[in-house]
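Quick notes on the structure that follows.
Along the sequence shown, residues are numbered consecutively beginning with 1.
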Amino acid sequence: MTTRIRNLGIIAHVDAGKTTLTERVLFYAGRIHRIGDVDAGNTQTDSNPLEKQKGITITAAAVRCAWREHALNLIDTPGHADFNIEVERSLRVLDGAVVLLDGVAGVEPQTEKVWRQADRYGVPRVLFVNKLDRVGASFARCLDDVRARLGGTPVVVGLPFGEETSELGLLDVVRMRAIRWDDADGSRVVEGPIEAPHRAAAERARGDLVLACAELEPRLLEAFVEDGDVPTAELVRALRRGTLEGRLVPALGGSAFKNRGVQPLLDAVVDYLPAPAVTGGPLVAFCFKVAFDRFGQLTFVRVYEGQLQKGGRVSVSGSSRSLRIGRLVRVFADSVEEVDALDAGEIGAIVGGELRTGQTLSDLDAPVALDGLTVPEPVVRLALEPVGREDRDRLGGALKRALAEDPSLSVHSDDETGQILLAGIGQLHLEVVVARLRLEHGVSVRVGRPKVAYRETVARVATHELKYKKQTGGPGQYAHVVLQVGPAAEGAGLVFEDRTKGGVLRAEHVSGVHKGVRQAMTEGVLGYPVTDVEVVLLDGSQHSNDSSEMAFQVASSIAFRDACVAAGPTLLEPIMRLEVLVPGELVGAVLGDLGARRADVLATRTRGTTHALEVAAPLAELFGYADRLSTLTHGRGQHAMTFARYAKAPAAVAARVVA
């Protein structure tokens with residue numbers, strides 16, 4: 001029954017305790033029999049060697065367990081901003097989410113980001129304030145943070161007591177009972193009446209809860225006024241409605257590491273988060289993730305309608321071919337369980353095939369295509385160079401798999417510099433990709449900053465005359481040209497003009513001059529392609545036997561370079577246009593950093609509490625800017641960068657580059 005399924009993710013800022021909480025969920029649900037530890041590297045969902053090494057979640061991991069006769073499909077998502085694509089694609093297919101807060105830190109930068117993502121997909125949420133045993137933790141302050149910074153409407157369903165101590169307990173204000181744990185691993189839940197010291201706080205919290213729900217169900221307020229209380233079942237029903245409509249966020253707290261508060265959270269997941277919405281009909285399934293492991297390619301799918309059957313043939317969006325489904329599995333972290341079918345509302349994976357993230361699988365007679373993923377634009381780039389010949393041979397295939405797994409990556413070869421450029425969301429993101437190339441594919445690469453694609457032009461007008469003569473055993477070569485070279489308008493490239501008169505040069509010889517100039521422009525005088533120059537063919541002469549198009553091409557190439565030397569070769573650097581979004585109170589620090597990067601602020605705009613800065617800055621000064629902006633704004637700043645134009649580089653910069 002789909003009413004007994006909950007597809008949910010745990011989303012939060014890095015180090016809020018998502019993996020630790022997931023481990024406890026699996027333990028109390030009876031799915032595992034020993035609690036693993038993140039620091040020891042033996043948790044179920046951080047099974048990747050890099051995750052164990054770095055102590056963070058890098059890829060979203062799916063697990064399955066049961067609670068109160070409900071099947072829970074749970075995805076533990078990364079908290080680091082560099083791996084936000086994992087959160088994006090998880091929220092794309094999940095029905096609900098548990099938002100985790102650090103009880104000391106409150107709402108952190110990545111919390112804001114994942115909250116907005118959940119808003120965009122309309123995902124109902126339950127809020128769990130974690131680490132309340134730590135000194136400085138405050139459940140009330142965290143809820144105030146959610147209201148002020150996220151615009152959320154948290155309502156307390158589980159009020160913690162004993163904060164900042166190991167004797168942490170919870171007041172269930174829906175059923176008005178006290179919950180304690182009297183063993184080290186948190187398995188024994190002891191329920192009892194709410195004692196006098198906590199009674200007033202519990203009653204206030206219940207009153208606030210009833211008032212919040214009464215806005216949805218007015219009869220609750222009438223019952224509360226007339227009888228002094230409301231039936232628990234009606235309160236739960238109203239609270240569930242408010243959660244599903246996105247108007248309320250049930251909130252409770254505890255400490256996952258100290259094994260406190262997890263069972264009430266699981267109850268809240270079952271009571272308040274949605275079951276899959278299934279209307280019946282032919283197959284519709286969405287491919288939301290591709291991974292490669294010892295089983296080959298695994299394509300994770302969410303089935304929305306119908307049934308995905310092993311051996312069945314389906315339509316694939318964006319493809320002219322159909323696909324026969326080979327093996328189907330349910331995934332538990334890094335292990336799989338074979339199944340014959342996945343029903344509507346379920347999440348599983350297809351083994352093998354060449355499916356891509358974002359494709360829709362549907363009935364052959366009723367093909368459909370669901371909306372794809374919103375993929376963040378890669379903003380940080382590095383250059384890759386294979387160490388040896390075998391590495392070069394294997395690199396292409398390894399990068400192809402990396403791109404299939406992670407849509408937020410991009411790879412391209414720079415024709416001018418010859419570099420392989422890998423682009424991603426942040427420095428850590430790219431570090432992990434490079435490490436996986438080595439660990440999983442045996443490909444060793446050197447990593448460097450990408451080269452800047454500089455250009456050059458000329459500062460003034462100069463004229464050069466050249467006679468090219470070459471005598472061999474056969475026909476000789478002769479070409480005579482007089483070229484004038486000078487600056488052209490920005491963005492003009494090459495402006496070529498033939499001012500010779502009286503037919504002194506045949507048309508094919510003029511064509512040879514044009515080709516020779518273009519050839520010489522590819523290398524320039526300083527070693528970079530030449531642009532924005534005006535070249536005028538003033539005069540020349542030809543020989544009846546020894547002149548040819550090739551001879552004029554060679555002569556004009558030499559004459560052009562010599563003329564450029566006389567005209568003052570000038571280095572041009574690429575200028576990028578940036579739009580930087582930054583919280584108002586941090587504008588000063590961001591502007592100071594941009595000034596140090598030789599940036600010009602073109603315009604500023606205010607968007608609520610956010611300032612939008614329109615900036616022009618040299619590309620050479622922007623390597624590493626994404627990470628620097630993240631540091632300056634505590635992860636709250638954003639930027640987008642596009643090429644604007646080429647501009648003359650300052651003398652000191654030009655001297656350094658040419659040297």
Side-chain angles (χ1 to χ4, degrees), residues 1-6 8 67-70 95-99 122-129 139-140 142-144 146-148 150-162 169-180 189-254 261-277:
M1 293 174 59
T2 57
T3 57
R4 292 188 175 271
I5 295 176
R6 299 291 183 269
L8 69 144
W67 186 257
R68 284 174 37 193
E69 299 182 344
H70 285 67
D95 302 308
V98 173
V99 179
V123 175
R125 276 144 274 180
V126 168
L127 183 67
F128 186 77
V129 181
F139 182 71
C142 287
L143 298 195
D144 288 341
V146 171
R147 296 182 187 100
L150 304 180
T153 310
V155 289
V156 177
V157 297
L159 181 65
F161 64 90
L170 200 67
L171 305 175
D172 180 344
V173 300
V174 176
R175 297 167 182 84
M176 289 302 281
R177 61 187 179 180
I179 302 174
R180 291 180 173 84
V189 181
V190 179
E191 298 182 5
I194 298 174
E195 298 174 354
H198 307 303
R199 191 76 194 180
E203 289 176 348
R204 282 195 302 272
R206 184 175 175 86
D208 291 341
L209 179 60
V210 170
L211 289 174
C213 291
E215 294 187 11
L216 304 167
E217 302 284 352
R219 68 177 181 275
L220 292 181
L221 185 58
E222 296 173 10
F224 189 71
V225 171
E226 292 176 4
D227 304 329
D229 202 359
V230 297
T232 297
E234 290 192 26
L235 186 60
V236 170
R237 188 161 48 248
L239 184 52
R240 179 176 178 82
R241 175 188 166 189
T243 305
L244 299 189
E245 293 178 358
R247 297 168 66 178
L248 301 176
V249 181
L252 62 164
V262 179
Q263 296 95 332
L265 173 62
L266 287 171
D267 287 335
V269 165
V270 168
D271 288 339
Y272 308 124
L273 290 185

### Query
Between Leu235 and Val210, does a side-chain contact (heavy atoms from CB on, under 4.5 Å) hold up when you go through it step by step?
CA-CA 7 Å; Leu235 186 60; Val210 170; 4.2 Å; yes
### Message
Checking Asp95 against Leu273 for the side-chain contact (heavy atoms from CB on, under 4.5 Å) test, could you report, in this order, the C-alpha distance in whole Å, the side-chain angles of both residues, the deciding distance, and whether it holds?
### Response
CA-CA 8 Å; Asp95 302 308; Leu273 290 185; over 6 Å; no
Which pairs would a plain distance check flag for residues 245-254, meaning a side-chain donor or acceptor within less than 3.5 Å of a matching protein atom at least two apart in sequence or in another chain?
unit_1	atom_1	unit_2	atom_2	d
Glu245	OE1	Arg247	NH1	3.4
Glu245	OE2	Arg241	NE	3.0

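Here the closest non-hydrogen pair linking Thr3 and Arg6 is O-NH1, 3.0 Å. Residues Ala238 and Leu216 approach most closely at O-CD1, 3.7 Å, considering heavy atoms. What you find for Thr232 and Val174 is that their closest heavy atoms are OG1-O, 3.7 Å. Here the closest non-hydrogen pair linking Ala205 and Leu159 is CB-CD2, 4.4 Å.
Taking Asp172 as the reference, Arg177 meet the side chain to side chain donor-acceptor pair (under 3.5 Å) condition, with sequence neighbours excluded. Taking Ala178 as the reference, Leu171, Arg180, Ile194 meet the side-chain contact (heavy atoms from CB on, under 4.5 Å) condition, with sequence neighbours excluded. For Glu234, the side-chain contact (heavy atoms from CB on, under 4.5 Å) partners are Arg219, Leu220, Pro231, Arg237, not counting sequence neighbours. Considering only residues two or more places apart in sequence or on other chains, Ala140 meets the side-chain contact (heavy atoms from CB on, under 4.5 Å) condition with Ser138. Judged as a salt bridge (Lys or Arg N to Asp or Glu O under 4.0 Å), and not counting sequence neighbours, Asp208 has no contacts. Residues satisfying the side chain to side chain donor-acceptor pair (under 3.5 Å) test with Arg206, not counting sequence neighbours, are Asp229. Here Glu222 pairs with nothing under the side chain to side chain donor-acceptor pair (under 3.5 Å) rule; sequence neighbours left out.
Sorted pairs that involve residues 212-244 and meet ring pair (Phe, Tyr, Trp, His ring centres under 6.0 Å), not counting sequence neighbours, are lacking altogether. Evaluation of the side chain to side chain donor-acceptor pair (under 3.5 Å) test over residues 261-274, restricted to residues two or more places apart or in two chains, returns Trp67-Asp267, Arg68-Asp267, Arg68-Asp271, Arg175-Asp271, Trp181-Gln263. For residues 151-162, the set of pairs meeting the salt bridge (charged side-chain N to carboxylate O under 4.0 Å, His left out) definition, not counting sequence neighbours, is empty. Residue pairs meeting the ring pair (Phe, Tyr, Trp, His ring centres under 6.0 Å) criterion with at least one member in residues 192-214, sequence neighbours excluded: Phe161-His198.
Residues Pro264 and Ile179 are in side-chain contact: their nearest non-hydrogen atoms beyond the backbone lie under 4.5 Å apart.
Distance check: Leu239 CG to Glu217 CD gives 11.0 Å after rounding to the nearest 0.5 Å.
In Glu215, the CD atom is not crowded: 12 or fewer heavy atoms of neighbouring residues, nucleotides or ligands sit closer than 6.0 Å.
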